[in-house]
Amino acid sequence: MTYIEPAPIKDKENPLESMMQRFDKAVELLGISEEMYYILKVPARQVTVGLPITMDDGRIKVFEGHRVIHSNILGPAKGGIRFDPAVNIDEVRALAAWMTWKCAVVDIPYGGAKGGIACNPREMSAGEMERLMRAYTVAMLDVFGPDRDIPAPDMGTGPREMAWLMDEYSKAKGMTVNAVVTGKPLVLGGSLGRTEATGRGVMVSALAGMDKLKINPYKATAAVQGFGNVGAHAAALLHERGVKVVAISDISGAYYNEHGIDIAGAIKYRDLNKGTLANFPAATPIAPDDLLTLNVDVLVPAAKEDVITHENAPYIQAKMIVEGANGPTSASADDIINEKGILVVPDILANAGGVTVSYFEWVQNRMGYKWNLDRINRRSDRIMKEAFDKVFHTSQQYNVPMRIAAYIVAIKKVADTYTFRGGY
Ligand code: NAD
């Protein structure tokens, strides 16, 4: 037997199971051997630690933290740290693999990793969060490293937590090592352009897709689900490029204006309105699910996973879907969408602008130099456009949708690199 598999993730329709189904399909098309299949599938390293933390009330609570390096074949591993009550090792393993394919598809020299701690950041004080983050960093001192494994923020963590990680790691090494983590505050060596990078990559992918479909951006319409970091920046940048964004949404509801929404105005409204679009006056409220089936050229799901399913896919009218979120389309919707001839720019490509600028942050830290925004945008736009073209070309070559083509590009790159590097 080549490998004894752990028990599978139970829910068949979850985004991680969807990812595996697409991975398996791409592997089959590439004709990869069973040995290589398991080399690509089984994580290189996984570490679980118990973290006893003194809480503000004086009691000690023990948290479980994980770090999984799925692959370090292309280079040091890269991936976020998630603080969420639902964190478990199966999920972290799958998310780490996702990072491997995302980095490979945009051709940046990183493997994939993910970390997580089962905790509820909404119920923790800043002091408790700080002690937890520092304890986790110390527990992972021989895992993390600018040449080994470079963490970043994910759900429940942000620049503040990354600053603590960098500080704790630097203290342990006796020198400042800012390249050990990305997503840091600007003053600690964070990169310009990181905040809007994912939304910007979504915009670049959308324009590249429109070009293939011969859609003039100045005559195009778009609907964007989610108005957070990814959705709001994607909407603003599409608007800037002449696309008429007719619908936006967030957790408070969906808002439609056939004449186009002033996105800068919507962002200003959100920021003055406790971070939500509730009662947004410059558009008409519509049912949240209706946003997904509007008659628009471009649909950008940028909120959460599994929003496009076999149930609503038959009603989607958009000519292309650009996946800002991770896993917004469940595998059961793939065939329906493909049969309808909708061009899907898949998540591992469309939202890779964020990890690309994280890579630039690491490069700048290692150079001890700071790039200006113009350089960052030009370089990340080029990387996104080249990755789009490569995936599009592969989809034609293999006669498969761009989603499977993205996995083919990524898997082939990692498999070829492994073959050159060799094993035991
Ligand atoms: P965020 O928390 O900044 O924003 C999420 C937005 O979605 C908010 O506006 C929220 O109100 C809205 N939302 C939540 N549930 C909704 C629902 N049911 N209907 C409509 N809107 C809803 O998060 P983000 O950083 O923008 O991430 C969004 C997605 O993009 C996630 O899937 C994330 O994993 C993915 N992603 C983010 C980045 C990044 O750099 N931030 C990179 C890659 C992928």
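Atoms within a ligand are numbered from 1 in the order they appear, just like the ligands themselves. Please read all numbers here as calculations on a predicted model, not as lab measurements.
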For Phe360, ring pair (Phe, Tyr, Trp, His ring centres under 6.0 Å) partners two or more places apart: Trp371
Are the side chain of [X] and the backbone N or O of [Y] linked by a donor-acceptor pair below 3.5 Å?
X      : Y      : answer
Glu339 : Ile336 : no
Gln225 : Leu292 : no
Ser18  : Ala331 : yes
Thr356 : Ser380 : no

Min heavy-atom dist [X] to ligand 1 below 4.0 Å:
X      : answer
Ala325 : yes
Pro288 : no
Glu305 : no

Using a strict 4.0 Å cut-off to heavy atoms of Ser249, name the atoms of ligand 1 that fall inside it. 20 (C)
Close-contact set for ligand 1 against Ala302 heavy atoms, below 4.0 Å: 28 (C)
Is there a salt bridge (Lys or Arg N to Asp or Glu O under 4.0 Å) between Arg45 and Asp142? Walk through the geometry before answering. CA-CA 12 Å; Arg45 185 176 187 190; Asp142 70 336; 3.4 Å; yes
Report the nearest protein non-hydrogen atom to [atom]: residue, atom name, distance rounded to 0.1 Å.
atom                    : answer
atom 18 (N) of ligand 1 : Lys304 CD, 3.6 Å
atom 24 (P) of ligand 1 : Val230 CG2, 3.9 Å
atom 6 (C) of ligand 1  : Gly228 N, 3.7 Å
atom 10 (C) of ligand 1 : Ile251 N, 3.9 Å
atom 34 (O) of ligand 1 : Asn326 ND2, 3.0 Å
atom 3 (O) of ligand 1  : Asn229 N, 2.9 Å

For ligand 1, does Glu323 get within less than 4.0 Å through its side chain, its backbone, both, or neither, judged by non-hydrogen atoms? neither
Nearest-option assignment for atom 7 (O) of ligand 1, heavy atoms, candidates Gly253, Ala303, Ser358: Ala303
Check: of Asn351, Val355, Asp347, min heavy-atom distance to atom 44 (C) of ligand 1 comes from Asn351
Would Glu386 and Asp107 count as a side-chain contact (heavy atoms from CB on, under 4.5 Å) if you check the C-alpha gap in whole Å, the side-chain angles of each, and the deciding distance to 0.1 Å? CA-CA 9 Å; Glu386 283 175 2; Asp107 203 14; over 6 Å; no
Below the 3.5 angstrom mark, is there an N/O of Phe227, backbone or side chain, next to an N/O of ligand 1? yes
Using a plain distance cutoff, I'd like to know if Thr198 has any nitrogen or oxygen under 3.5 Å from a nitrogen or oxygen of ligand 1. yes
So, is the end of the Lys78 side chain (NZ or CZ) under 6.0 Å from the ring centre of Tyr359 and within 45° of the ring's axis? no
Output every pair passing ring-ring contact (aromatic ring centres under 6.0 Å, His included) with a member in residues 111-135, not counting sequence neighbours, ordered by first then second residue. none
Tell me yes or no: between the side chains of Thr293 and Gln317, is some donor less than 3.5 Å from an acceptor? no
If we count only non-hydrogen protein atoms and require a distance under 4.0 Å, does atom 30 (O) of ligand 1 qualify as touching the protein? yes
Between Phe23 and Tyr37, is the ring centroid distance below 6.0 Å? yes
